[in-house]
Amino acid sequence: MIFLLILLLAALAGIFMWQKKETDEQKAQERQAKQEAQAAEEDKKKAEAEKAAEAQAAEEEQKKAEAEKAAAETTVNKDVQTAENTASEDSHKTNGLAICMYHYVYDKDNPPKEKLNSNFIEVHDLEEELKYLTENNYYFPTWEEVEKFVSGDYLLPEKSVVLTFDDGAYSFLNLGVPLFEKYKVPVTSFLIGNIEGEKKVKKYASEYMTFQSHSYNMHRGGGNIGHGGIFPVMNHDDAIADLQKSVEIGGNGDAFAYPYGDYNDSCVKAVKDAGFKCAVTTEYGRAKPGDDPLLLPRIRMSMGQSLESFKKLVE
């Protein structure tokens, strides 16, 4: 009996040990399967992260390429722009350079819904002016040449003029740019970057138009001098960041137009530190040797001016 009891206990112990071994093996297999599943999940997440990073890098590279292409397309061909400088010691510009300031364009045969003001020029009047300039062989200096002219290091032909349009308004882009292309006359568009700047640069790129800076987002109130533009009260770093962003959008950093014409010493310093060659104000006058290239006066073009008035303003 005792022997049978011992045999029974031994059998039970064997069964227990076998079951325990089987359970341990099953748990080990489950642990291994779990570890393999976790490893597979981690590999999947890692692959997805790498794929997302590659996609983001490719997208950024594409955006960079598009921005470089847009910038290249908006750079004026300076051989076309300047033609041949015929100035000499005996014959050159002596009464100052007219930098003309325009804003908006309208067609009298299809007037805009917005209310017209003195900053508008009728498209046929603008064409008359461009036709006059080309027929009389006017010279259109680059901003680099303007800087050298006011610094006293460069002579300009007697018939020289710079044409600028502030704001980068659609009325100018749609009605004005085709005329500059027709007459092959170079023009500067001082673009406000945050008002669909990228879209405008991409859509209206032209060999005869250069987008320059009218700031990215400084064409707004908040200041305490002049017309109340915010630029004079901005801190230096914020102003520099704004100017750099505007250059990035427009593709050119040669010239800047002070928003509303408002500026102070801190504004001029920011413009200089941002690397601009020239900057224009809204103060009336001609740019002459000895002038500060970062505080150049301009001559305002007004709605309804006659061709004879225009001739006197630019001669």
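When a residue number appears, it is its place in the shown sequence, counting from 1.
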As a quick check of understanding, evaluate side-chain contact (heavy atoms from CB on, under 4.5 Å) for Tyr170 and Glu196, giving each step before the final call.
CA-CA 10 Å; Tyr170 279 113; Glu196 299 186 329; 2.4 Å; yes
Would you mind reporting whether Leu133 and Val161 have side-chain heavy atoms less than 4.5 Å apart? yes
| said: Tell me whether Ile121 shares a hydrophobic cluster with Val314, the cluster being built from Ile, Leu, Val, Met, Phe, Trp, Tyr side chains joined at under 4.5 Å. | reply: yes
Donor-acceptor contact present, side-chain Lys200 to main-chain Gly168, <3.5 Å: yes
Contacts satisfying ring-ring contact (aromatic ring centres under 6.0 Å, His included) that involve residues 270-307 (not counting sequence neighbours) are Phe256-Phe276
Taking every heavy atom of Pro141 against every heavy atom of Glu145, the minimum-distance pair comes out as CA-OE1, 3.1 Å
Give the intermediate values and the outcome of side-chain hydrogen bond (donor to acceptor under 3.5 Å, both in side chains) for residues Tyr154 and Glu147. CA-CA 9 Å; Tyr154 195 79; Glu147 178 191 29; over 6 Å; no
Walk me through it: do Tyr183 and Tyr132 pass the test side-chain contact (heavy atoms from CB on, under 4.5 Å)?
CA-CA 10 Å; Tyr183 289 95; Tyr132 167 77; over 6 Å; no
query = Are any of the side-chain heavy atoms of Leu163 and Leu130 separated by less than 4.5 Å?
reply = yes
Here the gap from Lys159 atom NZ to Phe140 atom CZ, rounded to the nearest 0.5 Å, amounts to 11.5 Å
Interatomic distance, CG@Asn235 vs CD1@Ile240, rounded to 0.5 Å, equals 10.0 Å
Side chain to side chain donor-acceptor pair (under 3.5 Å) filter on His236, not counting sequence neighbours, yields Asp273
Margin query: Hydrophobic clusters here meaning ILVMFWY residues chained together by side-chain heavy-atom distances under 4.5 Å, can you tell me if Val201 and Ile192 are in one?
Written below: no
How about CG on Asp265, more than 12 heavy atoms from neighbouring residues, nucleotides or ligands closer than 6.0 Å, or not? no
Taking every heavy atom of Gly261 against every heavy atom of Thr282, the minimum-distance pair comes out as CA-OG1, 3.6 Å
query = Do side-chain atoms of Asn136 reach the backbone of Tyr138 as a donor and acceptor pair under 3.5 angstrom?
reply = no
Connected to Leu116, directly or through other members, by ILVMFWY side-chain contacts below 4.5 Å are Tyr104, Tyr106, Phe120, Met303
| message | Are more than 12 heavy atoms, taken from residues, nucleotides or ligands other than Lys131, located less than 6.0 Å from that residue's NZ atom? | response | no
- Message: When you compare the side chain of Arg298 with that of Thr281, does any pair of heavy atoms fall below 4.5 Å?
- Response: no
Determine, for Asp153 against Lys148, whether the closest basic-nitrogen to carboxylate-oxygen distance falls under 4.0 angstrom.
no
Side chain to side chain donor-acceptor pair (under 3.5 Å) filter on Ser213, not counting sequence neighbours, yields Ser246
Do Thr188 and Trp143 get their side chains close enough for a donor-acceptor pair, meaning under 3.5 Å? yes
All heavy atoms of His124 vs all of Asp107, minimum pair found to be CE1-OD1, 3.6 Å
d(Glu41 CD, Lys44 NZ) to nearest 0.5 Å is 6.0 Å
Taking every heavy atom of Leu313 against every heavy atom of Arg286, the minimum-distance pair comes out as O-NH2, 2.9 Å
*Using modelled atom types only, decide if a donor and an acceptor are shared between the side chain of Glu181 and the backbone of Tyr208 within a distance under 3.5 Å.*
no
dist Cys278:SG -> Gln212:CD (nearest 0.5 Å) comes out at 9.5 Å
Problem - Shared hydrophobic cluster for Leu296 and Leu294 (ILVMFWY, side-chain gaps under 4.5 Å) - result: no
- Query: Are Tyr139 and Thr86 close enough, and set up right, to give a side-chain contact (heavy atoms from CB on, under 4.5 Å), and what steps lead you there?
  - Reply: CA-CA 9 Å; Tyr139 182 77; Thr86 58; over 6 Å; no
Exercise for review: State whether the side chain of Asp291 and the backbone N or O of Val150 hold a donor-acceptor pair below 3.5 Å, judged by distance alone.
Suggested key: no
Note to self: With a 4.5 Å cut-off on side-chain heavy atoms, are Glu129 and Leu307 touching?
What the structure shows: yes
Sorted by chain and residue number, the side-chain contact (heavy atoms from CB on, under 4.5 Å) partners of His227 (sequence neighbours excluded) come out as Tyr260, Asp262
Review point. Under 6.0 Å from the CD atom of Glu127, do we count more than 12 heavy atoms belonging to anything else shown?
Key: yes
Should His103 and Arg300 count as side-chain neighbours, where that means a heavy-atom distance under 4.5 Å? yes
**OP:** Spell out, yes or no, whether Met209 and Val123 are grouped together once hydrophobic residues are joined by side-chain heavy atoms under 4.5 Å, including indirect joins.
**Re:** yes
Do NZ/NE/NH1/NH2 and the carboxylate oxygens of Glu308 and Lys311 come within less than 4.0 Å? yes
Should Phe211 and Leu175 be regarded as members of a common hydrophobic cluster, given that ILVMFWY residues are connected when their side-chain heavy atoms come within less than 4.5 Å of each other, either directly or indirectly? yes
When every non-hydrogen atom of Ala87 is compared with those of Asn85, the smallest separation belongs to N-OD1, 2.9 Å
Heavy atoms of Leu243 and Ala270 approach each other most closely as CD1-O, 3.7 Å
When you measure from the side chain of Ser302 to the backbone of Gln305, do you find a donor-acceptor pair of N or O atoms at a distance under 3.5 Å?
no
Check: Asp242 side chain, Tyr216 main-chain N or O, donor-acceptor pair, under 3.5 Å = yes
| query | Could you go step by step and tell me if Tyr258 and Met218 meet the side-chain contact (heavy atoms from CB on, under 4.5 Å) rule? | reply | CA-CA 9 Å; Tyr258 294 98; Met218 295 182 191; over 6 Å; no
task: Evaluate side-chain hydrogen bond (donor to acceptor under 3.5 Å, both in side chains) for Ser88 paired with Asp90, printing each intermediate quantity in order.
output: CA-CA 5 Å; Ser88 67; Asp90 297 325; 5.1 Å; no
Side chains of His214 and Asp167 in contact at under 4.5 Å (non-hydrogen atoms): yes
dist Asn95:CG -> Lys288:NZ (nearest 0.5 Å) comes out at 7.5 Å
(message) Between Glu283 and Tyr263, does the side-chain hydrogen bond (donor to acceptor under 3.5 Å, both in side chains) criterion hold? Intermediate values first, please.
(response) CA-CA 11 Å; Glu283 295 169 7; Tyr263 67 88; 2.8 Å; yes
The remaining residues in the hydrophobic cluster of Ile225, counting side-chain heavy-atom contacts under 4.5 Å among Ile, Leu, Val, Met, Phe, Trp and Tyr, are none
Interatomic distance, CD1@Ile195 vs NE2@His219, rounded to 0.5 Å, equals 7.5 Å
- Task: Report yes if the side chains of Leu126 and Phe172 come closer than 4.5 Å at any heavy-atom pair, otherwise no.
- Result: no
- Task: Check whether any side-chain heavy atom of Asp254 lies under 4.5 Å from a side-chain heavy atom of Thr142, and answer yes or no.
- Result: no
